[in-house]
Amino acid sequence: MAIEQLPDGRWKVDVEPIKGKRFRKTFKTKGEAQRFEASCRAKVVENPDWSPRPKDRRTLAELVGLWFDLHGHSLRDGERRRSKLDALAKRLRNPQGSKLDPQTYAQDRRIRLGEGTLNNELGYLRAVYNELRGLGVIDYANPLALVKPLKVQERELSWLTTDQIAELLEEIRRGCDNPHVEIVALICLATGARWSEAEKLKPTGLRNSVITFSGTKSGKVRSVPITAELEAKIVRHWKQHGQPNSAITSFRRALARTTIRLPKGQAAHALRHTFASHFIQNGGNILTLQKILGHSSLAMTMRYAHLAPDHLQDAVRLGPQVALT
């Protein structure tokens, strides 16, 4: 018999459309079983080599592994992403990838609400499903496609005034035992570079008063002009002290000895914000700033737009003219 009911109420299909070609599958309802039987008979008549696709039972951790092997290994932060995704799969008890429950994921996210990278994590997990589907590894929809990122309170970007810059550089020159701190800080202040980018700068990246940063966060090469005076200072530093080594700890200690107080996590990065803020305040173009900073989208650079002189004047010029007398 092609279809029979099992003791637990389910319906089992055992069909052999042609000799030697046999299919078995169990369904919750008789209707589903009948449709499967009819489909098997019809498709085997059309194509004797046809077989129903087996159910995808691969776990979330297995999908993460496939994603890394096929795509993630090529990303600059691929190893870090994989580590985070493996940890997430473990917390979710490594469910079957096709049956990842959005509510279960949301509950896990709620428990860890204080962590600052939850939206990044959601983006990484979505990317796994999207990439694997694009490659034909999976044929089902992204189970987290409709899950919305959390609304995060945007932090104010901290930047240094001219007086604070002078205070910081004075403290670096006076109290730092690491000779590389000053030159790295000056490069950051002059170009808007990230600390790691300035620290890794090689002689081949400095030509004709232009610094070229490679190995950046975005993976793109960008060039920023500097003054001839700074170029000469950098060259002298390299001749005297060699290439910079890890100087971030010494920088943080110097910053702590000043009167400057910055939000947590904005120590060396405040130098990048300082360049961008002064650039816009002095009338710089927002599109030019985007290229200098290497932002992939203008939306990131627009965080500094409110500092533009014209922007500030518009608050007075375009606001309601309220009589004060």
Side-chain angles (χ1 to χ4, degrees), residues 76-77 80 157-162 164-258 260 262-282 284 288-296 300-301 303-304:
R76 289 180 57 82
D77 62 342
R80 182 180 61 83
L157 300 180
S158 297
W159 50 275
L160 308 182
T161 64
T162 301
Q164 288 176 324
I165 294 173
E167 180 187 359
L168 176 60
L169 292 177
E170 182 181 354
E171 180 55 42
I172 289 173
R173 291 164 184 152
R174 184 190 64 81
C176 280
D177 53 359
N178 188 318
H180 302 298
V181 178
E182 180 187 0
I183 201 67
V184 175
L186 288 174
I187 293 172
C188 291
L189 288 168
T191 64
R194 298 175 180 87
W195 185 272
S196 60
E197 294 170 344
E199 207 171 50
K200 294 175 184 175
L201 181 65
K202 299 290 190 295
T204 53
L206 179 58
R207 291 285 187 277
N208 301 321
S209 297
V210 174
I211 289 180
T212 299
F213 296 105
S214 58
T216 62
K217 183 179 179 181
S218 65
K220 296 180 180 179
V221 175
R222 69 179 192 277
S223 298
V224 185
I226 59 174
T227 64
E229 291 78 12
L230 179 56
E231 180 182 30
K233 188 177 182 69
I234 294 171
V235 172
R236 286 196 305 271
H237 178 87
W238 283 340
K239 288 180 179 179
Q240 184 178 356
H241 301 288
Q243 293 299 121
N245 52 21
S246 182
I248 186 64
T249 300
S250 187
F251 170 79
R252 288 172 178 156
R253 289 171 180 167
L255 179 63
R257 292 193 298 268
T258 67
I260 302 167
L262 300 173
K264 185 179 180 180
Q266 290 193 31
H269 214 62
L271 302 180
R272 181 170 164 88
H273 297 324
T274 296
F275 170 85
S277 300
H278 283 259
F279 181 90
I280 291 296
Q281 287 175 340
N282 291 328
T288 302
L289 180 61
Q290 179 190 4
K291 294 178 181 178
I292 293 173
L293 297 180
H295 285 162
S296 57
M300 297 179 68
T301 320
R303 296 178 297 174
Y304 304 101

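Please read these numbers as outputs of a predicted model, since none were measured by experiment. One-based numbering along the sequence shown.
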With sequence neighbours excluded, tell me which residues meet side chain to side chain contact (heavy atoms under 4.5 Å, CB included) with Ser296.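 Residues passing side chain to side chain contact (heavy atoms under 4.5 Å, CB included) with Ser296: Met300.
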Results of side chain to side chain contact (heavy atoms under 4.5 Å, CB included) for Thr301 - residues two or more places apart only: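 Partners of Thr301 by the side chain to side chain contact (heavy atoms under 4.5 Å, CB included) criterion, ordered by chain and then number, come out as Ile286, Leu289, Gln290, His295, Leu298.
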Between Val210 and Val224, does a side chain to side chain contact (heavy atoms under 4.5 Å, CB included) hold up when you go through it step by step? CA-CA 6 Å; Val210 174; Val224 185; over 6 Å; no
Donor-acceptor pairs under 3.5 Å, side chain of residues 184-191 to any protein atom, not counting sequence neighbours: which ones?
| residue | atom | partner | partner atom | Å |
| --- | --- | --- | --- | --- |
| Thr191 | OG1 | Ile187 | O | 2.7 |
| Thr191 | OG1 | Ala193 | N | 3.3 |

Give, for atom [atom1] of [X] and atom [atom2] of [Y], the distance between the pair rounded to the nearest 0.5 Å.
X: Thr274; Y: Gln266; atom1: OG1; atom2: CD; value: 10.0 Å
X: Phe251; Y: Leu168; atom1: CZ; atom2: CG; value: 5.0 Å
X: Trp159; Y: Phe279; atom1: CH2; atom2: CZ; value: 15.0 Å
X: Glu167; Y: Thr161; atom1: CD; atom2: OG1; value: 8.5 Å

Specify the closest pair of heavy atoms between [X] and [Y], including all atoms of both residues, with the distance to one decimal.
X: Ser277; Y: Tyr304; result: OG-CD2, 3.9 Å
X: Leu293; Y: Ala276; result: CD1-CB, 4.0 Å
X: His278; Y: Thr162; result: CE1-OG1, 3.8 Å

Sort and list the pairs that fulfil side chain to side chain donor-acceptor pair (under 3.5 Å) and have at least one residue in residues 200-211, not counting sequence neighbours.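 Listed by first then second residue: Ser209-Glu231.
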Hey, mind stepping through Arg173 and Glu170 against salt bridge (charged side-chain N to carboxylate O under 4.0 Å, His left out) and telling me if it holds? CA-CA 5 Å; Arg173 291 164 184 152; Glu170 182 181 354; over 6 Å; no
Under a 3.5 Å distance rule, please check whether [X] uses its side chain to pair with a backbone N or O of [Y] as donor and acceptor.
X: Thr258; Y: Leu255; answer: yes
X: Arg222; Y: Ile292; answer: yes
X: Ser158; Y: Ala270; answer: no

Candidate pair His180 and His237, rule side chain to side chain contact (heavy atoms under 4.5 Å, CB included), full reasoning: CA-CA 8 Å; His180 302 298; His237 178 87; 2.9 Å; yes
Of all residues at least two apart in sequence or in a different chain, which pass the salt bridge (Lys or Arg N to Asp or Glu O under 4.0 Å) check with Glu171?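 Partners of Glu171 by the salt bridge (Lys or Arg N to Asp or Glu O under 4.0 Å) criterion, ordered by chain and then number, come out as Arg174, Arg257.
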Between Ile280 and Asn282, is the side chain to side chain contact (heavy atoms under 4.5 Å, CB included) condition met? List the steps. CA-CA 5 Å; Ile280 291 296; Asn282 291 328; over 6 Å; no
May I ask you to check whether His269 and Trp195 place their ring centres under 6.0 Å from each other?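 They do not qualify: ring centres at least 6.0 Å apart.
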Could you tell me if the side chain of Thr212 sits less than 4.5 Å from the side chain of Leu206, heavy atoms only?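 Leu206 vs Thr212: side chains apart.
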Can you give me every donor-acceptor pair (side chain of residues 242-250, partner residue at least two apart or in another chain, under 3.5 Å) with its distance?
| residue | atom | partner | partner atom | Å |
| --- | --- | --- | --- | --- |
| Gln243 | NE2 | Leu201 | O | 2.9 |
| Asn245 | OD1 | Asn178 | ND2 | 3.4 |

